[in-house]
Each structure stands twice: as C-alpha cells, then as structure tokens.
Amino acid sequence: MPKVLDGAAIAAQIKQEVAEEVKLLAVRGVRPGLAAVLVGHVPASEIYVRSKVQTCADLGIFSDLISPPDTVTTEEMLELVENLNQRDDIDGILIQLPLPKQVDTKALLDAVSPAKDVDGFHPVNAGRLQSGRPALAPCTPAGVIEILKRSGIPISGQNAVVVGRSDIVGKPAAMLLLHENATITICHSKTRDLGAVTRQADILVAAIGRPGFITPEMVKPGATIIDVGINRVTDRAEFDRYFAGNAKREATFAKRGSTIVGDVHPHAFEIAGAYTPVPGGVGPLTIAMLMANTVRAAKMRRGL
Ligand code: NAP
C-alpha cells in the first residue's frame, strides 16, 4: 500500500512551531504582522484570505486586512503598497491574486519590499533563491519540501521531475529540490514524450492545472508523487472517470455538486510508494508556510 503523506498533520506541526516562535519573539517585544490586501469580491479569494487572517489570529500574529474596491487603479494600489512597505507593524505583505484587469499585477508585486515579500514572488527573492542565498521562498513549493523532509522521503541524489514551470510553483519547486541535491528535470507543455520523462522520476511533482493529467502509465512504480493541482470537478462523467466506486467522494459530490481532484489521476496513486492526497496534501502547507515566512521576515528585518 502506498504511504499517504498527510499534509494537514504536517501543516499543523509547522503552525505549532510558528506559534512557539511568536511567543519567544513576544518576550523580546516583537509581534510579527501580516497585511493582507484583498481587492473586490472574488469568492474564492475571500475564502483564502479569511483563512489566512484567521490563522494569524490563531498563532498570535498581528494581521491587517485591507480591502480596496474592485475599481481601484494601479496608482492607488502602488500607493497602498508603499504605505505598507513603510509601516513598522507590518512584516509581510500579501496581495491576493488575481487582481482586477485594470491593475498592473507585475508592477505591484515588484513594488512590494523584498524584505516583506512573504509570498516570495519578488524578482529579488527569486534571484536569491536561485543563487542559494537565504530568501523568502514561495509558500507552496516551500511546503512541498517540508512534506518530503518531514515524511522522511530522501531527496538527495534522487531524480525529481517537476511538471509545470510557473514562477509561483514549478520553477521555485525545482530550484528548492536542486538545493536539496536532487537531479531535476522541468517539464512543460512543449516537452516531448512527457510520459517517458515522468517515468524516470523518483519524486514526481505535478503543478499543471489540468485535472487527472498524470495517469498511471506515466509513473514509475514506487515513486513519490506530490500533487500540487487543485481542480474542481462538477461534471458527472468526469467525476466517474476519477472516482467511480469511491463512496466517500460520492457522498461529497452528492452533497455539494462538486469535488476536488489534483493534477494526478487518483489511479496513479495506487502504484506510487507515497503520495500527497488532494485535498489534504500540499494545500494546507501553503498557509502554514506563509505564517512561517511572516515570522522569518519579522526576524530578518530586525537582524534577529
Ligand atoms: P500555471 O501558471 O497555469 O502553470 C501551469 C504549468 O503547467 C505551465 O508551465 C504549463 O506549461 C504546464 N502545462 C500545461 N499543460 C501541460 C501539458 N499538457 N503538458 C505539460 N505541461 C503542461 O499554474 P500554477 O499556478 O503553477 O498552478 C498549477 C496547479 O497548482 C494548479 O492546479 C493550481 O490550482 C495549483 N496550485 C495549488 C496551490 C496549493 O496551495 N496547493 C498553490 C498554487 C497553485 P507552459 O509553461 O508550457 O504553458
């Protein structure tokens, strides 16, 4: 039986460690602070931000939720970010994406002070990550590494194949795996004979954004599969393709009219040595690592 890598339990452990660090900082008169900027009313973004703000409260981190209207301009957002860059009670700045189309997202992310860039999206932090200098690494890829390490999965010397090359998941995940001495291959939509490459993977990271894309024949038996994908399934025929005969999923689908599937076909997990489930795998780590980055930023800014 493949081992299920329990992301929720690992995230809870990291949050516990962060809460302990927050207590130690309080003794020195420091309270880490996170500003969350949520523009307009995108339901999914509202859920994510609410959960981030709640987690701050749970761990003793100060948070400030700032909600500009969806008519906000790039100039107004730049002014807001500059103000947050200057505020001493704010250590981390989180700009929830996506932003309305009139706002220049790149210009805004570039305007965040690298010292407060807890999402790790700023080019300065991307450069630091690549050159192996201490950096605020993007939360989801950092979570992938935590799952592997805390589950005792060896990384050094292993063949790691990352499918997806986005700046927020694929590329930084590959870079972090490289720093852990994996031999890395990065695949994308132009990769020829993808299955031949993924079958070489001891560690296969799927960050594609396509439901059930990695099928069993693309996986080396015994491999560790890290499924970063989050895709909502609402179509019955599609549901059956992934979950026919799965009573628990049937119940969720009947109740909500939808369920979540990763970028890996659930049947591919059956031949893995270990895998992250969806939901409950990589997802919970993202918020935990955001909290860890906020505390890290608070310490780095004060030279602690
Ligand atoms: P993205 O920016 O859309 O990037 C997707 C990548 O997949 C691209 O590099 C693309 O290649 C590649 N790709 C697309 N079709 C492919 C194909 N047929 N064969 C091989 N590669 C293909 O997505 P993302 O932001 O990295 O997110 C990836 C997934 O992770 C999504 O499901 C997202 O919801 C999920 N996610 C989860 C979390 C979490 O907290 N767990 C956080 C962030 C994202 P090209 O570059 O050639 O186009």
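Between the side chain of His179 and the backbone N or O of Leu129 there is at least one donor-acceptor pair closer than 3.5 Å. A donor-acceptor pair under 3.5 Å links the side-chain atoms of Asn293 to the main chain of Val118, judged by distance alone. Of the possible donor and acceptor atoms, none in the side chain of Thr224 sits under 3.5 Å from a partner among the backbone N and O of Ile203. Panel note: side chain Asp227, backbone Val264; a donor-acceptor pair is recorded below 3.5 Å. Without hydrogens or angle criteria, Asn159 side chain to Ala201 main chain gives no donor-acceptor distance under 3.5 Å.
In terms of hydrophobic clustering, with Ile, Leu, Val, Met, Phe, Trp and Tyr side chains grouped at heavy-atom distances under 4.5 Å, Leu38 and Ile90 are assigned to different clusters. A continuous path of ILVMFWY side-chain contacts below 4.5 Å connects Ile14 to Ile147, so both sit in one hydrophobic cluster. Val49 and Leu109 fall into different hydrophobic clusters, where Ile, Leu, Val, Met, Phe, Trp and Tyr are joined by side-chain heavy atoms under 4.5 Å apart, directly or via other members. Linking Ile, Leu, Val, Met, Phe, Trp and Tyr whenever their side-chain heavy atoms come within less than 4.5 Å leaves Val278 and Leu204 in two separate clusters. Tracing side-chain contacts under 4.5 Å through hydrophobic residues (I, L, V, M, F, W, Y), one reaches Leu78 starting from Ile93; they form part of the same cluster.
Results of the side chain to side chain contact (heavy atoms under 4.5 Å, CB included) test with Val228 over Val205, Thr276, Ile208 single out Val205 as the only residue that passes.
With a 4.5 Å cut-off on side-chain heavy atoms, Val103 and Val72 count as touching. When side chains are defined from C-beta on, Val124 counts as touching Arg128, because their heavy atoms get closer than 4.5 Å. In this structure, the side chains of Leu285 and Glu146 come closer than 4.5 Å at one or more pairs of heavy atoms.
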Trace of the side-chain hydrogen bond (donor to acceptor under 3.5 Å, both in side chains) decision for Arg133 with Ser131:
CA-CA 6 Å; Arg133 295 178 171 86; Ser131 57; 2.7 Å; yes

For a side-chain hydrogen bond (donor to acceptor under 3.5 Å, both in side chains) check, start with the C-alpha distance between Thr140 and Thr286, then their side-chain angles and the critical distance, and finish with the verdict.
CA-CA 5 Å; Thr140 303; Thr286 301; 2.9 Å; yes

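Within 6.0 Å of CD on Glu20 lie more than 12 heavy atoms contributed by other residues, nucleotides or ligands. Atom CZ of Arg302 has more than 12 heavy atoms from other residues, nucleotides or ligands within 6.0 Å.
Under the 4.0 Å criterion applied to side-chain N and carboxylate O atoms, Lys299 and Glu21 are assigned as salt-bridge partners. Using a cut-off of 4.0 Å between Lys/Arg side-chain N and Asp/Glu carboxylate O, Arg31 and Asp91 are scored as not salt-bridged. Between Lys15 and Asp58 there is no salt bridge, since none of the side-chain N atoms of the basic residue sits less than 4.0 Å from a carboxylate O of the acidic one. Taking 4.0 Å as the cut-off between side-chain N and carboxylate O, Asp240 and Arg236 count as a salt-bridged pair. Taking a cutoff of 4.0 Å between a charged side-chain nitrogen and a carboxylate oxygen, Arg87 and Asp64 qualify as a salt bridge.
Classification of the Tyr242-His265 ring pair by plane angle, with boundaries at 30° and 60°, yields perpendicular.
Partners of Asp104 according to the salt bridge (charged side-chain N to carboxylate O under 4.0 Å, His left out) rule, which considers only residues two or more places apart in sequence or in another chain, do not exist here.
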